[in-house]
Chemist: 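The structure follows.
Just so you know, these numbers use all the heavy atoms, side chains as well, and skip hydrogens, waters and symmetry mates.
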Amino acid sequence: MTVPATDLLMSWIARQASAEPLAWLESQRAKLSAGPSDRDLQLAIGLVPRKLGRDDLQLNDQDLAAASATRDGWDPSGWSVDVAARAMLLATAAPGLNAFADRYASLCRYGDVAEQIACYRALPLLPRPDELEPQVGEGLRTNMRAVFEAIAHNNPYPAEQFDEHRWNHMVLKALFIDSTLHPIVGLDRRANADLARILCDYAHERWAAGRVVTPELWRCVGPFASAAMIDDLVRAADSDDALSKGAAALALRAAPDARAAYVLSELPDEAAAVASGALTWTTIAEGLAQRA
């Protein structure tokens, strides 16, 4: 039997919080569980950082495994104590609040940046996820990268709830704001032909402007690459940049077009690394992170 997400969050917070702040959080949890009100939730959410601080939440491999077992795809790595406490309060109050989607939208729209991040990080733990989707889609319009990544990174919600149009918009925006694609949950599963076309058009715009195209872009192109898209991969493979060349090899390996195999044969070192598992999209992401 898995432990409820709210219990997990409380146990993690308890390892770092002192007695008085922890007692306050327990009292807020009990209040919101017994009979939540909009006012009580809003006050509790606002007071969290003052009571508990903003330290990083210290999690080990066992904690992350427990999170995944409790909720498939839930990855709280990178959370802070205040995010964990706010997510716990939201998940506690949500089942008992009428029109919770309206309250959630209000918190997202009028909360400060930290409150918005917590609301979006909490998405995997909240009930009736389809009712929250309009606000989450609105959240993608943000100009704040940290808020955008609270939705897009290490969060199973977009892959589960977004239609193809909204999903494609999210992936493209990640590139526009120089965010990485690797932490997007379901990136390979939700890849589609329209997204591949959009990303190739984006790459052409970057090339025409003399700008760099991130190697990660080709991950979503490879499974659908044919005709002119193969030409785009040839251009990436001809790059002097090792990561771009490696990404092209990975994409060519996934491409259905017969020509892709010939092009890949012209990259013997990269092809061998792909075949052996030494070159993966994870190693591409790690290489990009080292450059940042």
Side-chain angles (χ1 to χ4, degrees), residues 73 140 152-154 156 158-160 162-292:
L140 291 177
H153 284 183
N154 301 317
E160 294 171 353
F162 285 178
D163 63 18
E164 187 171 285
H165 174 77
R166 184 155 282 169
W167 174 265
N168 292 351
H169 166 72
M170 182 185 76
V171 174
L172 182 61
K173 178 159 184 177
L175 298 178
F176 268 114
I177 65 174
D178 294 323
S179 181
T180 183
L181 300 186
H182 190 67
I184 296 178
V185 176
L187 185 63
D188 296 319
R189 176 169 58 85
R190 289 295 307 268
N192 58 83
D194 193 43
L195 178 60
R197 178 190 58 77
I198 291 169
L199 295 182
C200 284
D201 289 345
Y202 173 75
H204 288 191
E205 293 174 3
R206 300 278 294 185
W207 284 328
R211 304 182 71 183
V212 173
V213 172
T214 177
E216 285 195 302
L217 178 148
W218 307 114
R219 179 173 180 173
C220 299
V221 172
F224 305 93
S226 62
M229 290 184 185
I230 299 295
D231 295 333
D232 294 337
L233 291 174
V234 169
R235 180 166 180 171
D238 286 342
S239 171
D240 293 331
D241 177 62
L243 293 180
S244 292
K245 194 180 291 287
L250 285 163
L252 288 163
R253 178 71 177 268
D257 193 300
R259 184 177 161 219
Y262 170 76
V263 176
L264 185 58
S265 72
E266 298 293 298
L267 303 168
D269 293 340
E270 288 77 13
V274 172
S276 69
L279 175 60
T280 65
W281 290 114
T282 298
T283 63
I284 296 292
E286 289 170 349
L288 289 171
Q290 290 173 3
R291 290 180 179 177

Chemist: Nearest 0.5 Å, what's the CG-CD distance between Leu243 and Glu286?
Modeler: 11.0 Å
Chemist: CG/Asn168 to CD1/Ile198 distance, rounded to the nearest 0.5 angstrom?
Modeler: 5.0 Å
Chemist: Could you list the residues that satisfy ring-ring contact (aromatic ring centres under 6.0 Å, His included) with Tyr262, not counting sequence neighbours?
Modeler: none
Chemist: Scan side-chain atoms only and decide if His165 and Asp194 contain a donor-acceptor pair under the 3.5 Å cut-off.
Modeler: no
Chemist: Judged by atom type as modelled, is there a donor-acceptor pair below 3.5 Å linking the side chain of Arg206 to the main-chain atoms of Val213?
Modeler: no
Chemist: In the structure I gave you, are the side-chain heavy atoms of Leu199 and Leu175 within less than 4.5 Å of one another anywhere?
Modeler: yes
Chemist: Rounded to the nearest 0.5 Å, how far apart are SG of Cys220 and CG of Leu195?
Modeler: 5.0 Å
Chemist: Where is the tightest heavy-atom contact between Ala260 and Leu252, given as atom of each residue plus distance?
Modeler: CB-O, 3.6 Å
Chemist: With a 3.5 Å distance limit and no angle check, can you tell me whether Arg190 reaches the backbone of Phe162 through a side-chain donor-acceptor pair?
Modeler: yes
Chemist: Provide the full list of side-chain hydrogen bond (donor to acceptor under 3.5 Å, both in side chains) pairs with a residue in residues 264-274, sequence neighbours left out, each pair given once.
Modeler: none
Chemist: CG/Leu181 to NE2/His153 distance, rounded to the nearest 0.5 angstrom?
Modeler: 7.0 Å
Chemist: Would you name the heavy atoms of Ala227 and Asp257 that are closest together and state the gap between them?
Modeler: N-OD2, 3.3 Å
Chemist: Check whether any side-chain heavy atom of Arg259 sits under 4.5 Å from a side-chain heavy atom of Val234, and report yes or no.
Modeler: yes
Chemist: Specify the closest pair of heavy atoms between Leu140 and His169, including all atoms of both residues, with the distance to one decimal.
Modeler: CD1-CD2, 4.1 Å
Chemist: Of all heavy-atom pairs between Gly277 and Thr280, which one has the smallest distance, and what is that distance?
Modeler: O-CG2, 3.4 Å
Chemist: Can you tell me how far apart CG (Asp178) and OG1 (Thr214) are? Round to the nearest 0.5 Å.
Modeler: 8.5 Å
Chemist: Using a 4.5 Å cut-off on heavy atoms from C-beta on, say whether the side chain of Asp188 contacts that of Arg219.
Modeler: yes
Chemist: Return the minimal non-hydrogen interatomic distance between Trp218 and Ala236, and the atom names on each side.
Modeler: NE1-CB, 3.6 Å
Chemist: Is it true that a side-chain atom of His182 and a backbone atom of Ile284 form a donor plus acceptor pair closer than 3.5 Å?
Modeler: no
Chemist: Do Asp231 and Arg235 meet the salt-bridge criterion of a basic N to acidic O distance under 4.0 Å?
Modeler: no
Chemist: If the condition is side-chain hydrogen bond (donor to acceptor under 3.5 Å, both in side chains), which residues does Arg291 pass it with, not counting sequence neighbours?
Modeler: Asp241
Chemist: Rounded at 0.5 Å granularity, tell me how far SG in Cys200 sits from CH2 in Trp207.
Modeler: 7.5 Å
Chemist: Answer whether the closest heavy-atom distance between the side chains of Glu205 and Arg211 falls below 4.5 Å.
Modeler: no
Chemist: How close do Ala247 and Pro215 get, heavy atom to heavy atom, and via which atoms?
Modeler: CB-O, 3.3 Å
Chemist: Kindly indicate, with the supporting measurements, whether the criterion side-chain contact (heavy atoms from CB on, under 4.5 Å) is fulfilled by Leu187 and Trp281.
Modeler: CA-CA 11 Å; Leu187 185 63; Trp281 290 114; over 6 Å; no
Chemist: Counting only N and O atoms by type, is there a donor-acceptor contact under 3.5 Å from the side chain of Thr283 to the main-chain atoms of Leu279?
Modeler: no
